[in-house]
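First the structure, in the form of structure tokens, and then the observations on it.
Because the structure is a prediction, the values reported are computed rather than measured.
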Amino acid sequence: DVMLVVGTSGVVHPAAGLPAAAYQAGKWVVEINPVPTDLSRTVSQSWRTTAAVGLGTLLEKLQS
């Protein structure tokens, strides 16, 4: 139901096509990357942070 896209440029196919396919299928897609990528336009939400900080924050939120 949720796809996390973490720390990737989003340009290597076929993997780069998976977030767009998930989004088009109605899934929630979250990109965690300090800079915008080609995927940024096709995700539900973009978190502009590093993988270490973003995943740590996500884990804290899930545990609370």
Could you tell me whether the side chain of [Y] reaches within less than 4.5 Å of the side chain of [X], counting heavy atoms only?
{"X": "Leu39", "Y": "Val5", "value": "yes"}
{"X": "Val6", "Y": "Asn33", "value": "no"}
{"X": "Val30", "Y": "Met3", "value": "no"}
{"X": "Leu55", "Y": "Ile32", "value": "yes"}
{"X": "Leu58", "Y": "Trp47", "value": "yes"}

**Asked** Just by modelled atom types, is the Trp28 backbone N or O under 3.5 Å from a matching donor or acceptor in the Ser44 side chain?
**Response**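 Side chain of Ser44 to backbone of Trp28, a donor-acceptor pair under 3.5 Å: no, none is there.
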So which heavy atom on [X] is nearest to which on [Y], and how close?
{"X": "Ala16", "Y": "Pro19", "answer": "O-CD, 3.4 Å"}
{"X": "Thr8", "Y": "Thr37", "answer": "O-CG2, 3.4 Å"}
{"X": "Val35", "Y": "Arg48", "answer": "O-NH1, 3.3 Å"}

**Asked** How long is the gap from OG on Ser40 to CD on Gln45, to the nearest 0.5 Å?
**Response**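 Going from the OG atom of Ser40 to the CD atom of Gln45 covers 12.0 Å.
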**Item:** Spacing of Thr57 atom OG1 and Leu62 atom CG [to the nearest 0.5 Å]
**Value:**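 One gets 11.0 Å once the value is rounded to the nearest 0.5 Å.
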**Ser46 and Arg41 side chains, donor-acceptor separation under 3.5 Å** =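 Not at all, the side chains of Arg41 and Ser46 share no donor-acceptor pair under 3.5 Å.
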